[in-house]
Visitor: 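Okay, here's the structure, questions in a sec.
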Amino acid sequence: MYAKVIVDVPAKDTNRAFDYIIPPSLEPWVEVGSRVGVPFGSRVIQGFVVELRESSDYELHKMREIKHVLDPIPPLNGELVELSRWMSRKYACHEITALQAMIPGALKAKYERKIIVSGPKAQPPVEDDREREIIDYILSKESLSMEQLLRRFPADGPLLKEMLIRGRLAEEQEIKDRLSKKTVLTVFPPENPQLLEACLAQLPENAKRQRQLIEHLQTNPEPVKLADLSKRQGISSSAVKALADKGWIALREVEVFRDPYENRVFERTTSLQLTDEQQAIYDEIAASLRMRTHQVFLLHGVTGSGKTEVYLQAIEVCLNQGREAIVLVPEISLTPQMVERFKSRFGDWVAVLHSRLSHGERYDEWRKIQMGKVKVAIGARSAVFAPFSNLGLLIVDEEHEASYKQEENPKYHAGEVAVARGRQSRAVILLGSATPSLESYHRTQTGEYKLLKMPSRVQGRPLPAVQVIDMREELKAGNRSMFSRALHQAIEDRLQKQEQMVLLLNRRGYSTFVMCRSCGYVAGCPHCEISLTYHHNSRTMRCHYCGYAERELNSCPSCKSAHIRFFGAGTQRVEEELVRLFPGIRVIRMDVDTTNQKGAHEKWLQLFRSRQADVLLGTQMVAKGLDFPYVTLVGVIAADTVLNLPDFRSAEKTFQLLTQVAGRAGRHHLPGEVVIQSYTPEHYSIQCASMHDYSRFVAQELKLREAREYPPFWKLILVTLSHGQIPLLVRAGETLADEIRQQWRRLSRHATDAGGDGRLEVLGPVASPISRIKDRYRFQCMIKYRGDVAISGIMDGALSRLEDTVSKEKLQISVDVDPQMMM
DNA sequence: AGCACGCCGACT
DNA sequence: GTCGGCGTGCTC
């Protein structure tokens, strides 16, 4: 048998499968999706089996054997391997990069080289004292690298080298997982229960605890954790060990899954009665599931319309069919509340993949999926790769969220991947949002997706009334405060009624830069064209691109003024102002400063939930998915900050944010009110959001996008080139742009003959918005195209023209298909 | 990505 | 004459 293997070398000329012989001893273990160790050149590296074959077209004598199979159960399956191939084409990444993205970090290969003593031990060759000392040292250590050895014997470089050449020492390479399997000591009763009787007879009178244990095992013949025995029965480990030593019982390490929710009790819930609206939608999804065909639904449900209950019941249909389900949620809304709803309904059938979990916990949750112990996976972006083999339903909640796009390689969009995976495994895809992305909405118009609508809130609760305040008028009226008169009054009113409010400060770009108020100097990174970020706890300024750090400044390096300070997200200023205007007000401020610590986010929210604060003040993070019954006022301090960003999606983002945050108000029995402050209140994104009018917004925005030749009508690919020298970059950028145009002309000639209607444009090269990172300058080309364009052929052709510069000059090229961030 | 192989300059 | 610099090419 032969295997085609994608090896762990992310480079252009290794981006293909290599053939290996499967030795008979490994045959039962090697499957498509197996992770294997294979000899490659002069080393052994990790790879993934992507195909099994009876014969091979590669020359037999050149072929080598698979060395190891790294996991007893393959971490991937045929379906995921196929998906990785799709990803590598769609996102122009190496196949191995896509495969690696599918497995948990704990399984990412770690190559370790260690020095071992080799050669015949029985007849030691000539050894002097020095050599003996070195060998003894190596033997005394578990594992040792050459670097460590040289550090210990700095003067013996030549001797060590000689020993390596002579073969007394050898270097061995190991593929190691970064994982630890957690085990617990477990007591096993004997197979034959009668032995317990015999044991009791032999135990001395004073062995009270041992006797107790045996009696316990007689009534409970299941294996039991040592820790439980001491905790619940008061039987100490020494008593257990004594029995084990005598051989009556067995004591073994047993692998356990770390359960991050193990100390939580989830009250079981059952399906709620659906509203007519929910029911109609549920029926449609259920019908599609029962037909077992692929279908993508876009569920447009206003905030508070009860989308989650529809999800839960759809999953139930799927599980009853014996199929599995994945739920993707944006990281930020993967709150305890959300997890609780799923845990409560499906209990132990749910695995939660959360970035806040430790490496080990995450790995364990993933293993539950891999081993078929759970049927539902809920998690952020990467949960789309949950290794189920009989997937029936894939839900993408808040599908418009930008966090579904991974900004590192592979630069995939989890929603797009979900659709591709669903197509492959004939699963139903359910995209849900109160503010669907223009891309998805557009596809409902072209017939690719089916639109489902839930326009009303459950129990007939009204959407909150929204007031848009023109801040220019406030200024004219002499109000120079950051709170309009309307918002001021609304806050006062809530304080009096002891109701709660959420205040959103929609801030621009990145936070906390350091600026001189006298001359406008901004502290920047000397290696990157970006301002430094102020870190409160360490009193340093850091670059979040390259890690450069320096101490906080006391005076301006440019004008020597002492009026230099950091400009926070502004939430601090708002907080100060609130406290000044409303003495005694209790404010919880949530921003990067206050939520950096693990668990802080949840802690603050819990505090707010228990009504120990009046105001929840924060940035974007307060807008998403939160649900507090006593929140009756939502205030947006400045709605237009995102609007002014140089990004074609800024109107869409503004509309989404305002709609989402407005949805936080009045979700329960108390009616809600929303106050939006703006300097451009006439803007359609603000107007439409204030009237809860999604249809009008998309209609207008789609018209604009088409006119301006932007997505969803045109597709974008952003190619960023980086290098230390600007002239080389400009040259390379121009080559790239020319080459793309040429390739396009060449290919479109045929396409036009065949009736193709494609169009393509290349913009640039221009300097990237962040024009330098780690002393490398950055230039970019934007490729825009629509219709019938063989884009991957064009890109491949153009990029291969730059290959020489990449390898010789270390030019770096990054390709971002469907980029989210324009800046 | 690594690593071997190979062809040129600075030394024991 | 050898050691070692890194440019080039290959890995089933």
Side-chain angles (χ1 to χ4, degrees), chain A residues 1-27 29-70 81 84-85 88 92-101 103 107-115 145-147 150 157-162 164-165 167 169-176 178 408-410 722-724 728 776 799-815:
Chain A
M1 281 290 271
Y2 304 93
K4 288 197 172 288
V5 175
I6 301 284
V7 293
D8 184 20
V9 180
K12 182 138 206 198
D13 42 356
T14 48
N15 189 28
R16 62 195 170 90
F18 287 80
D19 291 7
Y20 286 89
I21 298 164
I22 306 173
S25 64
L26 293 183
E27 250 176 46
W29 303 98
V30 178
E31 294 172 52
V32 170
S34 290
R35 205 166 55 110
V36 290
V38 290
F40 195 69
S42 58
R43 34 187 201 135
V44 174
I45 59 173
Q46 184 189 262
F48 289 91
V49 174
V50 294
E51 204 183 322
L52 294 178
R53 300 185 144 208
E54 295 290 342
S55 65
S56 162
D57 12 284
Y58 194 67
E59 291 148 84
L60 192 62
H61 66 277
K62 285 191 187 165
M63 236 188 292
R64 300 168 77 180
E65 289 190 347
I66 291 178
K67 270 258 163 66
H68 337 267
V69 178
L70 271 30
V81 166
S84 80
R85 214 168 296 140
S88 72
C93 67
H94 301 124
E95 217 167 317
I96 189 67
T97 313
L99 288 164
Q100 298 278 204
I103 58 169
L107 288 182
K108 300 263 153 68
K110 195 171 111 187
Y111 296 101
E112 207 167 74
R113 310 168 76 185
K114 61 179 207 181
I115 300 291
S145 70
M146 197 62 195
E147 289 76 46
L150 274 168
L159 174 60
L160 287 169
K161 192 175 168 195
E162 192 264 330
L164 274 166
I165 293 166
L169 297 183
E171 216 177 357
E172 202 182 57
Q173 189 170 257
E174 264 188 303
I175 305 172
K176 279 207 161 171
R178 303 178 193 185
E408 299 89 51
N409 272 329
S722 75
H723 194 268
L728 183 143
R776 295 176 70 95
L799 289 173
S800 66
R801 266 295 301 273
L802 286 173
E803 240 166 89
D804 253 25
T805 329
V806 169
S807 62
K808 291 203 181 84
E809 310 279 354
K810 303 278 172 277
L811 171 74
Q812 279 177 17
I813 305 180
S814 127
V815 179

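Sequence lines set the chain letters: A, B, ... in the order given, protein chains first and strands last, and positions in each chain run from 1.
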Visitor: Starting at atom CD of Q46(A), determine the distance to atom P of dA1(B), rounded to an integer number of angstrom.
Guide: 16 Å

Visitor: Consider the side chain of D13(A), meaning its heavy atoms from C-beta on, and name the nucleotide among dC10(C), dT8(C), dC12(C) that approaches it most closely.
Guide: dC10(C)

Visitor: Please state how far atom NZ in K808(A) lies from atom P in dC6(C), giving the value in whole angstrom units.
Guide: 18 Å

Visitor: To the nearest Å, how far apart are H61(A) NE2 and dT11(C) C1'?
Guide: 14 Å

Visitor: Which whole-number value in Å describes the distance from R16(A) CZ to dC12(C) P?
Guide: 10 Å

Visitor: Grab the CD1-C1' distance between I45(A) and dC10(C) for me, whole Å please.
Guide: 12 Å

Visitor: Could you work out which one of dT11(C), dA1(B), dC3(B) sits closest to the side chain of V9(A)?
Guide: dA1(B)

Visitor: Calculate the interatomic distance between I96(A) atom CD1 and dT11(C) atom C1'; express it in whole Å.
Guide: 14 Å

Visitor: Could you state the atom-to-atom distance from CG of D8(A) to P of dC3(B) in whole Å?
Guide: 14 Å

Visitor: Nearest 0.5 Å, please: how far is CZ in R85(A) from OG in S88(A)?
Guide: 8.0 Å

Visitor: How close or far is atom P of dA1(B) from atom CZ of R43(A), stated in whole angstroms?
Guide: 11 Å

Visitor: List the steps, then state whether side chain to side chain donor-acceptor pair (under 3.5 Å) holds for N409(A) with T97(A).
Guide: CA-CA 7 Å; N409(A) 272 329; T97(A) 313; over 6 Å; no

Visitor: Regarding S42(A), tell me which of base, sugar-phosphate or nothing describes its non-hydrogen contacts under 4.0 Å with the strands shown.
Guide: sugar-phosphate

Visitor: Looking at dT11(C) and F40(A): do their rings stack (centroid distance under 5.5 Å, interplanar angle under 30°)?
Guide: yes

Visitor: Is there side-chain contact between F48(A) and Q100(A), with heavy atoms separated by less than 4.5 Å?
Guide: yes

Visitor: Measuring from atom CZ of R53(A) to atom CE of M1(A), what distance do you get when rounded to the nearest 0.5 angstrom?
Guide: 11.0 Å

